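Beneath this line is the structure, given in structure tokens, with notes to follow.
We use all heavy atoms of the structure for the numbers below, so side chains are in, but hydrogens, waters and symmetry mates are not. Naming convention: chains lettered A, B, ... in sequence-line order (proteins, then strands); numbering from 1 in each chain. Here the structure is a predicted model, which is why all the values come from computation and not from measurement.
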Protein chains: 2
Amino acid sequence: MSQQPVKLTAKGRATRQRIIEGAAAEVRTRGAVATTLDDVCRATATSKSQLFHYFPDGREQLMYAVAEHEADRVLLDQEPYLSDLTSWAAWDAWRDAVLARYREQGTTCPLGVLMTQLTKVTPASREVTTRLLEQWQQRITDGVRAMREQGATAPDLDPARVGAALLAGIQGGVSILLQTGRLTHLEAALDVGISGLRAGA
Amino acid sequence: MSQQPVKLTAKGRATRQRIIEGAAAEVRTRGAVATTLDDVCRATATSKSQLFHYFPDGREQLMYAVAEHEADRVLLDQEPYLSDLTSWAAWDAWRDAVLARYREQGTTCPLGVLMTQLTKVTPASREVTTRLLEQWQQRITDGVRAMREQGATAPDLDPARVGAALLAGIQGGVSILLQTGRLTHLEAALDVGISGLRAGA
DNA sequence: CAAGAATTGGACCGGCAAGTCCAGAAAAGC
DNA sequence: GCTTTTCTGGACTTGCCGGTCCAATTCTTG
């Protein structure tokens, strides 16, 4: 759905990309529901016809492209730590990266918007967030397993279960951040989660 | 904002209540964004004029009333366990109650809708969800403190911090449930969270 | 330098949904 | 019973926003 069948020149690709990024920014600040196509046109200095030229299926298709774009960001922003959780130092660095990320962006959260809004608006984008969650949890679970194999955690710990709990904590922490503006819950979820891992060693 | 300044008769109060409940049901199933005032009228067998008679500020005010209504439900549904987390048996019963609740309602979640949709639509309802979160965490924190005083947890554990982490886990578990339809993350968050409490005793 | 394709601007259309209005029915109060 | 207030039905207005259309223009390519 996100692929463009017709031929695009370099200029065309650039315009298409500009539209996606502008739309993503708009969605992040105003919310997916409140973002109109006219807003996107204004923000990206394009016209309606361009928009529908690059996204023939209209708003739906654009929002899907935005979802993909934002989903990529979420994981990339946690690298290189997320893919290499093989020492407690790495875990701490990851924790700090996640917190720093959300501290700086405040209530403007790509994932939050993705999860809480785009899905309702664009059923197709549910698949994007589902895939994102799976990948994210996979990375965390891999990290837990790595630590267990080092004997750094309780030996009988179930990596998938713990990974799921940790991911849930992060999600909830972010939700609460978006609601209240407070970072405390995200921080607590990460710290309690990680120290729980260490505890059983 | 949710109070009606003009005089209401018994019949009027009943109608107003019917509108709120019908609107809440509609919001739960269709989502806040997708629910139109005409939907509400149809679902509650009322007319537009009644709607604006009881909610002069229109959609905004109605959604606020729905938010309040749903917020009440969320905590009530966890009783009597949530307010009496003074034994591990009570904690387990609470866990089961939460899981059962969300299992049965599936992706139809009052709080989820509240948090993820109403806030964006109706800024005023942010205050409602914030208050809800505060009360919820207070109850959990009280429970943690009670267990600690019994010597049933690690003595150096910070109830507020652990309570925050647990609440975050629940929120995230619910978010993920709404997204993917899977209950595993909520379950993992509760189980890992509670067993983490028990661990340090 | 054509010829065709890709790109762009912007006016326009149509539907939907929030909100208004008013007249009439029902009920409350005296 | 009569007046006043509350309650109800539903037609109507208004504005917004997604989507269409077409002509103009710029690119690509031979």
Side-chain angles (χ1 to χ4, degrees), chain A residues 1 3-23 26-27 30-67 117-118 120-125, chain B residues 1 3-23 26-27 29-66 117-118 120-125:
Chain A
M1 177 170 182
Q3 290 315 313
Q4 187 74 6
V6 289
K7 209 61 160 94
L8 288 186
T9 68
K11 189 179 178 187
R13 252 174 286 126
T15 301
R16 189 182 142 95
Q17 193 59 26
R18 190 177 78 236
I19 292 175
I20 293 177
E21 281 164 14
E26 210 67 7
V27 164
R30 313 166 85 99
V33 190
T35 299
T36 71
L37 296 188
D38 291 302
D39 288 335
V40 175
C41 288
R42 209 173 312 117
T44 59
T46 50
S47 65
K48 274 270 185 70
S49 71
Q50 297 183 64
L51 224 154
F52 280 85
H53 178 68
Y54 295 107
F55 304 92
D57 293 341
R59 184 187 167 84
E60 184 94 354
Q61 190 182 4
L62 173 60
M63 286 301 178
Y64 186 90
V66 167
Q117 305 203 328
L118 274 183
K120 316 285 176 172
V121 177
T122 310
S125 65
Chain B
M1 176 171 181
Q3 290 312 312
Q4 188 73 4
V6 288
K7 216 40 165 115
L8 289 186
T9 67
K11 189 179 177 186
R13 252 175 286 124
T15 301
R16 188 183 143 96
Q17 191 61 24
R18 192 177 78 238
I19 292 175
I20 292 178
E21 280 164 15
E26 210 67 5
V27 164
T29 57
R30 312 164 86 98
V33 190
T35 300
T36 71
L37 295 188
D38 291 301
D39 288 334
V40 175
C41 288
R42 208 174 311 117
T44 59
T46 51
S47 64
K48 275 272 184 67
S49 69
Q50 296 184 64
L51 225 154
F52 279 86
H53 179 68
Y54 295 107
F55 303 91
D57 293 340
R59 186 188 166 84
E60 184 94 353
Q61 189 182 6
L62 173 60
M63 287 302 178
Y64 186 89
V66 168
Q117 304 202 331
L118 274 183
K120 316 285 176 170
V121 178
T122 310
S125 66

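- Contact check, B:Tyr54 against D:dT8: a side-chain N or O comes under 4.0 Å of OP1 or OP2.
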Identify all pairs in which a protein N or O lies below 3.5 Å from an N or O of nucleotides 16-23 of chain C, and state each distance.
unit_1 : atom_1 : unit_2  : atom_2 : d
C:dA18 : OP1    : B:Arg59 : NH1    : 3.1
C:dA18 : OP2    : B:Leu37 : N      : 2.8
C:dA18 : N7     : B:Lys48 : NZ     : 3.4
C:dG19 : OP2    : B:Arg59 : N      : 3.0
C:dG19 : N7     : B:Lys48 : NZ     : 3.2
C:dG19 : O6     : B:Lys48 : NZ     : 3.2

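- To the nearest 0.5 Å, atom CG of residue B:Leu37 and atom CZ of residue B:Phe55 are 10.5 Å apart.
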Using the 3.5 Å cut-off, write out each protein N or O paired with an N or O of nucleotides 25-30 of chain C and the distance between them.
none

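- Taking only side-chain nitrogens and oxygens, B:Gln50 never comes nearer than 4.0 Å to OP1 or OP2 of D:dC7.
- Two residues are said to be in side-chain contact when any heavy atoms from C-beta on lie closer than 4.5 Å; A:Glu26 and A:Val66 fail this criterion.
- If you take CZ of A:Arg13 and C1' of C:dA5, they are 15 Å apart, rounded to a whole angstrom.
- Atoms CE (A:Met63) and C1' (D:dC17) sit 12 Å apart, rounded to a whole Å.
- Applying the salt bridge (Lys or Arg N to Asp or Glu O under 4.0 Å) test to A:Lys11 and every residue at least two apart in sequence or in another chain returns nothing.
- Partners of B:Arg42 under the side-chain hydrogen bond (donor to acceptor under 3.5 Å, both in side chains) rule, at least two apart in sequence or in another chain, are B:Asp39.
- The side-chain heavy atoms of B:Tyr54 and B:Leu8, taken from C-beta on, include a pair separated by under 4.5 Å.
- Regarding A:Leu62, its CG atom lies at a distance of 15 Å from the P atom of D:dC17, rounded to whole Å.
- Rounded to whole angstrom, the span from the NE2 atom of B:His53 across to the C1' atom of C:dG24 amounts to 15 Å.
- For B:Thr15, the side-chain hydrogen bond (donor to acceptor under 3.5 Å, both in side chains) test picks out no residue, with sequence neighbours left out.
- Looking at A:Arg30, its side chain never comes within 3.5 Å of a backbone N or O of A:Thr35 through a donor-acceptor pair.
- When the side-chain hydrogen bond (donor to acceptor under 3.5 Å, both in side chains) test is applied to B:Thr9, no partner is found at least two apart in sequence or on another chain.
- Atom pair A:Leu51:CG and C:dG10:P shows a separation of 15 Å (rounding to whole Å applied).
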